[in-house]
Amino acid sequence: MNDAEMGSQVLMARQPIFDRKQRVVAYEILYRTEGDSESAVFRGTEATSEVLLNEYTSICDAGEVRVVPAFINLTYDIVVDGNIPDLPKKQIVLELLEDAHVDEAFINGVRKLADQGYRIALDDFIYSPEYIPLLELAHIVKIDVLEHTHDEMVQLIKIIKPYKCALLAEKIETHEMLDVCISLGFKLFQGYFLSRPKLIKGKKISTGQIALLQLMQALQNPDAKPEELEKLIITDPVLTYKLLRIVNSAAYSLTRKIESTSEAIVLLGIPQVKKWTTLIAMSANSDKPEELSRALLIRGRMSEQVAQQQNKSNAPSYFMAGMMSGLHALLDIERDKMLEQVPLGDDIKEAICDGTGDIGAVLNNVINYEAGNWELLPADFDDVIYEKGYREAMEWTREAMQAMSEST
């Protein structure tokens with residue numbers, strides 16, 4: 001699909017769906033069309049649809065590139081018309097929106113889709129007798145945890161249980177709510193809980209983490225010298241080891257081994273050192289879900305891409321702002337506390353805290369874009385640049401995380 005086809009017609013993003021071990025098992029495709037009357041994924045030919053699906057659901061997971069299923073929202077008209085390309089059934093979950101009018105035509109349309117082998121999900125489910133035929137056809141039922149009390153969820157689960165549907169808890173915003181939903185029997189989970197840290201009273205960033213963040217800040221200086229960077233790198237034995245492993249890996253096909261850090265920096269070049277240092281920082285917290293690192297890398301890279309496309313000065317600062325805007329969740333520390341302890345420029349800190357300045361404007365747009373908050377994007381929003389940046393950022397992150405896993 002070329003950029004003109006995406007154009008101003010469609011915006012797309014994705015939100016992860018997790019299992020109980022916080023592994024990504026699917027993505028919900030979020031989209032906006034001009035009239036919001038049809039699914040963005042179903043525009044154009046079957047081949048175009050399949051390319052889009054693969055692009056938005058392909059990830060590097062523990063070093064392995066794989067494609068996970070896509071949850072795609074269907075309107076009443078699409079269900080009744082049955083105008084869906086013949087796509088791989090294992091790659092698709094068709095999600096019925098909660099505001100769809102449930103009548104005989106709609107139920108018959110859902111039945112035809114189920115008979116064709118598609119998996120059916122009911123979105124924002126609230127029980128009413130007319131939904132019984134849909135429960136009989138559904139494979140997954142999504143429950144909005146913010147709309148129900150604990151007792152209401154217990155009662156709703158009792159109603160759904162005889163239909164043997166998998167339960168998906170959506171709009172989970174805290175780790176505490178995640179634990180509650182696991183105890184209630186939910187198997188799938190969706191929401192922003194990964195962006196919030198588990199706060200540990202009095203916790204500070206470790207010396208090793210500060211050194212890594214200092215190096216990442218130094219890498220933003222376009223005039224940085226290899227010797228200066230080497231002084232920072234060698235303060236962290238793990239970082240030194242990993243960089244040498246990377247440069248000596250098969251990916252670079254060297255005829256001789258590189259043994260000094262300064263040699264590695266010269267050979268890799270500052271942009272590559274920045275990339276690998278960021279990846280190492282993201283992977284330092286092995287107890288965190290890989291999706292959190294992936295999301296922050298996509299955000300940082302997308303911010304940088306947008307800045308470059310808009311001819312902003314010092315585009316790497318946009319990368320740093322995007323990545324740092326959620327790093328506190330990886331470190332399990334409050335954002336303000338983290339920013340007090342790391343050497344960032346005032347423009348980056350103000351962008352993260354207040355959304356001000358050129359960096360803050362781009363960062364806010366990127367965050368709203370990735371969340372599918374289309375209504376919060378400004379009137380002069382350039383959807384072509386942001387859509388292109390988002391897709392490139394997903395591809396870059398997938399390749400970078402795969403290379404990181406293969407090289408260390």
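FYI, side chains are in, hydrogens and waters are out, and symmetry mates aren't considered; it's all heavy atoms of this structure.
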How long is the straight-line distance from OH of Tyr369 back to CG of Leu11, given to the nearest 0.5 Å?
5.0 Å

Taking the side chain as every heavy atom from C-beta outward, state whether Cys165 and Ile140 have any pair of such atoms under 4.5 Å apart.
no

Work out which heavy atom in Cys60 is nearest to a heavy atom in Arg294; give both atom names and the distance.
O-NH1, 2.6 Å

For Gln15, give me all partners under side-chain hydrogen bond (donor to acceptor under 3.5 Å, both in side chains), at least two apart in sequence or on another chain.
Gln190, Tyr192

Going from CG on Asn368 to CG on Leu376, what distance comes out if it is rounded to the nearest 0.5 angstrom?
4.5 Å

Contact check, side chains of Leu53 and Ile92, non-hydrogen atoms, under 4.5 Å
yes

Nearest-0.5 Å distance that lies between atom CD1 in Ile143 and atom CD1 in Ile157:
5.5 Å

Glu395 versus Arg391: any side-chain heavy-atom pair under 4.5 Å?
no

Beyond-backbone contact of Leu297 with Trp396, side-chain heavy atoms, under 4.5 angstrom
yes

Throw together a table of side-chain donor-acceptor distances under 3.5 angstrom for residues 114-129, partners on residues two or more places apart or in other chains.
residue: Tyr118; atom: OH; partner: Pro85; partner atom: O; Å: 3.0
residue: Arg119; atom: NH2; partner: Lys90; partner atom: O; Å: 2.7
residue: Ser128; atom: OG; partner: Glu130; partner atom: OE1; Å: 2.6
residue: Ser128; atom: OG; partner: Glu130; partner atom: OE2; Å: 3.2

On a heavy-atom basis, which atom in Leu167 and which in Gly185 lie closest, and how many Å separate them?
CD1-O, 4.4 Å

Check for a donor-acceptor pair, side chain of Lys112 on one end and backbone N or O of Gly82 on the other, with a separation under 3.5 Å.
no

Donor-acceptor pair, Arg20 side chain versus Leu188 backbone, under 3.5 Å?
no

Can you tell me how far CZ of Phe319 sits from CG of Asn314, rounded to the nearest 0.5 angstrom?
13.0 Å

Are any of the side-chain heavy atoms of Leu363 and Tyr318 separated by less than 4.5 Å?
no

Quick one: salt bridge (Lys or Arg N to Asp or Glu O under 4.0 Å) pairs with a partner in residues 300-324, sequence neighbours left out?
Lys274-Glu304, Arg301-Glu304, Arg301-Glu392

Selection residues 143-158 - residue pairs positive for salt bridge (Lys or Arg N to Asp or Glu O under 4.0 Å), sequence neighbours left out:
Asp144-Lys171

Nearest-0.5 Å distance that lies between atom OG in Ser303 and atom CD1 in Ile298:
11.5 Å

ring-ring contact (aromatic ring centres under 6.0 Å, His included) with Tyr386: which residues, sequence neighbours excluded?
Phe381

Enter the distance from Phe189:CZ to Lys21:NZ here, rounded to the nearest 0.5 Å.
13.0 Å

Nearest heavy-atom neighbours spanning Met302 and Tyr390:
SD-CD1, 3.6 Å

Can you sort out the partners of Glu350 under salt bridge (charged side-chain N to carboxylate O under 4.0 Å, His left out), two or more places apart, ordered by chain and number?
none

Checking side chain to side chain contact (heavy atoms under 4.5 Å, CB included) for the pair Leu74/Ile84: CA distance, chi angles, key distance, verdict?
CA-CA 10 Å; Leu74 297 188; Ile84 298 176; 4.0 Å; yes

Those residues that, when tested against Gln91, pass side-chain hydrogen bond (donor to acceptor under 3.5 Å, both in side chains) (two or more places apart)
Asn54

Looking at residues at least two apart in the chain, or sitting in another chain, which of them share a salt bridge (charged side-chain N to carboxylate O under 4.0 Å, His left out) with Arg14?
none

Would you say Tyr27 and Glu291 are linked by a side-chain donor-acceptor pair, where the criterion is simply a distance under 3.5 Å?
yes

Test side chain to side chain contact (heavy atoms under 4.5 Å, CB included) on Leu339 and Ile352 and set out the steps.
CA-CA 9 Å; Leu339 293 176; Ile352 294 171; 4.1 Å; yes

When you compare the side chain of Val79 with that of Thr75, does any pair of heavy atoms fall below 4.5 Å?
no

For Ala351 and Ile359, the nearest pair of non-hydrogen atoms, with its separation, is CB-CG2, 3.5 Å

Atom CD of residue position Glu375 - does it have more than 12 heavy atoms of other residues, nucleotides or ligands inside 6.0 Å?
yes

For Lys187, salt bridge (charged side-chain N to carboxylate O under 4.0 Å, His left out) partners two or more places apart:
none

Under 3.5 Å donor-acceptor, Ser325 side chain and Gly322 backbone:
yes

Go through the structure and list residues passing side chain to side chain contact (heavy atoms under 4.5 Å, CB included) with Ala26, not counting sequence neighbours.
Ile17, Pro69, Phe71

Between Leu184 and Met153, is the side chain to side chain contact (heavy atoms under 4.5 Å, CB included) condition met? List the steps.
CA-CA 8 Å; Leu184 287 174; Met153 283 199 290; 3.9 Å; yes

Can you find a pair of side-chain heavy atoms, one from Leu134 and one from Ile107, that are under 4.5 Å apart?
yes

Asn73 side chain near Glu28 side chain, heavy-atom distance below 4.5 Å
yes

Residues forming a salt bridge (charged side-chain N to carboxylate O under 4.0 Å, His left out) with Glu370, sequence neighbours excluded
Arg299

Tyr56 side-chain N/O to Ala70 backbone N/O, donor-acceptor pair under 3.5 Å
no

Is the NZ atom of Lys161 crowded by more than 12 outside heavy atoms at less than 6.0 Å?
no

Working for side chain to side chain contact (heavy atoms under 4.5 Å, CB included), residues Glu173 and Val145:
CA-CA 9 Å; Glu173 295 193 349; Val145 300; over 6 Å; no

Any donor-acceptor N/O pair, Ser58 side chain to Glu55 backbone, under 3.5 Å
no

Please list, chain by chain and in numerical order, all residues satisfying side chain to side chain contact (heavy atoms under 4.5 Å, CB included) with Asp103, sequence neighbours excluded.
Tyr76, His101, Ala105, Phe106

